2 protein chains.
Amino acid sequence: MNSNNVTIYDVAREAGVSMATVSRVVNGNPNVKPTTRKKVQDAIDRLGYRPNAVARGLASKKTTTVGVIVPDISNIFFADLARGIEDVATMYKYNIILGNSDSSRDKEVHLLNTLLGKQVDGIIFMGGRLHEDLVEEFKKSPVPIVLAATLNQGYDLPAVNIDYEQAAYDATQMLINHGHDRVGFITGPLEQQINGEKKFAGYRRALEDAGLPFHDNDMILGNYTYASGLEAMQKMLQRDDCPKAIFAGTDEMALGVIHAIQDAGFSVPNDFEVVGHDNTRLATMIRPKLTTVVQPMYDIGAVAMRLLTKILNAEEIEEKNVVLPHRIERRDSLRQD
Amino acid sequence: MNSNNVTIYDVAREAGVSMATVSRVVNGNPNVKPTTRKKVQDAIDRLGYRPNAVARGLASKKTTTVGVIVPDISNIFFADLARGIEDVATMYKYNIILGNSDSSRDKEVHLLNTLLGKQVDGIIFMGGRLHEDLVEEFKKSPVPIVLAATLNQGYDLPAVNIDYEQAAYDATQMLINHGHDRVGFITGPLEQQINGEKKFAGYRRALEDAGLPFHDNDMILGNYTYASGLEAMQKMLQRDDCPKAIFAGTDEMALGVIHAIQDAGFSVPNDFEVVGHDNTRLATMIRPKLTTVVQPMYDIGAVAMRLLTKILNAEEIEEKNVVLPHRIERRDSLRQD
DNA sequence: CATGCGATATAAAACGTTTCCATTTGGAAA
DNA sequence: TTTCCAAATGGAAACGTTTTATATCGCATG
């Protein structure tokens, strides 16, 4: 570990110029004579100079680093988002500091403050719901914050989402159109706006528009996991009037649902039809392959990061509330039309 | 966005003490009279002071930030590792800057240099193989580097792994013990030491120990994905002498293998038996549930980060080359004994 | 041959901490 | 009281850049 303590001053001396000139060369400032530039560049190469980003950050008040807060990076869903963010960040020469919140209010607030302390230039946040304490912190933030796959509430932040209500409507309607007069709905906790207000609303609207009644017990809430999907479906299967069509709030839950059905000796899609949500890699790793609502997590991450760069560069922003298109990817868990 | 420009100097003035004293309070230095401490703490609260980590980093030459380089965070496998790293990092008050390399030498080198420029206190690296250019860079690193689930080569870095050779041996042997005289082996590219030297060697050793010959065409190489596992197995199924037991290098490939078998009208485990590798969440999301070698990615990440903190704190280190225990998780893709 | 002006280059002041060293304080011992 | 020492505090230099204000250079112009 030979340490690297060659500073801009050393380069300046080596090249016979001032620190300021070296700084200009390093930062690509055009006001440098080509011969000088070359002289400096050579000195840099010779000495193996690498600018100290921390000193740079202190002097310029920019760190070219953004903070990313997600509930849990080990979840394929957030991981995909993170990848989208990182790719665009790299493209614009930013790095990301990643933190897991486990959707805990305390961790979210703590993480936010840590990131601000580290002087990140901006933050991308993803979380199930926006606790008001957190919104208060957001309001005090000296740097811009962009929400990714997270609904705004109480404070108008830039955000990137799909239309969850319409997506749920489309999925439910598709099942209804296949002749079902009951559609089961298995999703995450209703306290999360995305379920309680969006998906649920879309589901009910589709029923209504088809003139179907809403049955309370056709909806079961889980915690997004495979196990909770499996369990929910097992419970539903015990009923005589069990719906033969299921819309699951996530792919992982949909996998659980399908396996519960198969374990009970039924066939998908012949006896039961299932539609998932998110179109994670899982969707094609099951038999039958899963029909699912496409929520383009990678794209959401990428667009959110791009939006953040625009804000940071004070570029023109046409719409700070971006709604990306969704669609339903038809696969084998649905019968052919 | 009300900016936050209250500095340590403002706090000092507000509390009627010197900057040095405020610094001591903030850093928990014991040499401060309780009454003074209180006075300063009050001023901090009143002003909403938040220390500037960048300035702190410049002055102290410590950033409490570590760099993490993984091939692709959107892969469940690396995501799990990252979570292990982050959890332990948080525990020790570090943050992580995460970067994706796509296993590209250029990106790895570039990322490494960016991280060093940002003055991270240490780095955790994961990658399929250690290109010699990268090793050269590692040698020049002013901060410690720890390898996670990555085999050392050419330079003796601290590393955390499992015994891949033995794990492959165990898996193959288990299949042989089930009465198979041929065992198919479907894994990633052999250039990667982990396949070419470790898993392959374990596989062969198991065959040898059982007095079985090695058939060249019983081994098919893919790229770790579901699709490549599916394809490999389809190819193998076309042969008359197709092995009825398969050891797959990753769970995702194993899923592909199982589906290929099922698509061809056979049953797992009755007609074919399959063992995977890694024990990702996928293993229980398939029917039959997958028997698989447990590679504890979360733990590897956690231990790697812990190891890094030990190095950073100059703590006693018993063994810088950690080999975590592995085991085989028996599930339904293997017949009962 | 002086003048003026853009293009380049320099010097030095920030940036907000930590840390080393010096100084003050307060109380116990003499 | 005085003396001494440890504990508590303060002052100021360092950390490695960017940036602003200022100076110099080179050259066309009159």
Side-chain angles (χ1 to χ4, degrees), chain A residues 3-41 43-44 47-65 93 114 116-121 142-143, chain B residues 3-41 43-44 47-65 93 114 116-121 142-143:
Chain A
S3 62
N4 182 353
N5 29 21
V6 25
T7 74
I8 200 173
Y9 181 75
D10 299 322
V11 176
R13 183 154 30 82
E14 174 84 9
V17 299
S18 73
M19 280 165 37
T21 301
V22 178
S23 176
R24 284 196 200 87
V25 171
V26 169
N27 294 297
N29 184 312
N31 291 345
V32 183
K33 213 178 4 175
T35 61
T36 312
R37 182 181 301 281
K38 169 118 180 38
K39 208 167 51 177
V40 171
Q41 193 58 58
I44 287 176
L47 267 46
Y49 168 68
R50 173 193 295 135
N52 180 325
V54 172
R56 214 193 270 233
L58 183 60
S60 69
K61 296 176 165 296
K62 306 226 162 308
T63 55
T64 61
T65 302
K93 315 272 190 213
T114 305
L116 293 178
K118 296 231 165 165
Q119 313 299 120
V120 294
D121 293 339
V143 300
Chain B
S3 62
N4 182 355
N5 30 18
V6 24
T7 75
I8 199 171
Y9 182 75
D10 299 322
V11 175
R13 184 154 30 80
E14 174 84 8
V17 299
S18 73
M19 280 166 38
T21 300
V22 177
S23 176
R24 286 195 195 88
V25 171
V26 169
N27 293 296
N29 184 313
N31 290 345
V32 183
K33 216 178 1 176
T35 60
T36 312
R37 181 181 303 280
K38 169 116 181 40
K39 208 167 51 179
V40 172
Q41 192 57 58
I44 288 175
L47 267 46
Y49 168 68
R50 173 193 295 135
N52 180 325
V54 171
R56 215 195 269 234
L58 184 60
S60 69
K61 297 176 165 294
K62 305 226 162 307
T63 54
T64 61
T65 302
K93 315 272 190 214
T114 306
L116 292 178
K118 295 232 165 164
Q119 312 300 119
V120 294
D121 294 338
V143 301

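We name chains A, B, ... by the order of the sequence lines, and we start the count at 1 in each one. The model shown is predicted, which means the values in this text are computed figures rather than measured ones.
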A/Asn31 CG - D/dA21 P separation (whole Å): 16 Å
Please report the distance, rounded to the nearest Å, between CE in A/Met19 and C1' in C/dT8. 17 Å
To the nearest angstrom, the NZ-C1' distance between B/Lys39 and D/dA8 comes to 11 Å
Heavy-atom nearest nucleotide on DNA chain D for B/Val17 versus A/Asn27: which residue maps closer to 5'? B/Val17
Between A/Tyr49 and A/Thr7, which heavy-atom pair has the shortest distance, and what is it? CE1-C, 3.6 Å
Between the main-chain N or O of B/Met19 and the side-chain N or O of B/Ser23, is there a donor-acceptor pair closer than 3.5 Å? no
Against the side chain of A/Thr7, the closest entry in D/dT17, C/dT17, C/dA9 is D/dT17
Quick check on DNA chain D: between A/Lys33 and A/Ile8, whose nearest nucleotide comes earlier from the 5' end? A/Ile8
A/Tyr9 OH - D/dT18 C1' separation (whole Å): 17 Å
Starting from P on C/dG16, measure out to CG on B/Leu58 and report it in whole angstrom. 12 Å
Residue A/Arg56, side-chain heavy atoms: nucleotide from D/dT17, D/dG16, C/dT10 that is nearest: D/dT17
With heavy-atom distances below 4.5 Å as the criterion, would you say the side chains of B/Val54 and A/Val54 are in contact? yes
Considering only D/dC15, C/dT17, D/dG10, which nucleotide approaches the side chain of B/Asn52 most closely? C/dT17
If only side-chain N and O atoms of B/Tyr49 are considered, is one of them under 4.0 Å from the OP1 or OP2 phosphate oxygen of C/dT17? yes
Taking only N and O in the side chain of B/Ser23, is any of them less than 4.0 Å away from OP1 or OP2 of C/dT17? no
From NZ of A/Lys62 across to C1' of D/dG16 the rounded distance in Å is 18 Å
Out of D/dG10, C/dT17, D/dT17, whichever nucleotide has its closest atom nearest the side chain of B/Arg24: D/dG10
Length of the line joining A/Asn29:CG and D/dT20:P, which is rounded to integer Å: 12 Å
Looking only at side chains, do B/Lys118 and B/Thr65 share a donor and an acceptor under 3.5 Å apart? no
Closest to side chain of B/Ala20, choosing from C/dT17, D/dG11, D/dT9: D/dG11
Return the nearest nucleotide to the side chain of B/Ser60; candidates are D/dG16, D/dG10, C/dT18. C/dT18
Out of D/dT9, D/dC15, D/dT18, which nucleotide sits closest to the side chain of B/Ser18? D/dT9
With a 4.0 Å limit, can you tell me whether B/Lys61 has a side-chain N or O closer than that to the phosphate oxygens OP1/OP2 of D/dG16? yes
Got a donor-acceptor contact below 3.5 angstrom from the A/Asn29 side chain to the A/Asn31 backbone? yes
What is the nucleic acid contact for A/Val32, judged by heavy atoms within less than 4.0 Å: base, sugar-phosphate only, or nothing? sugar-phosphate
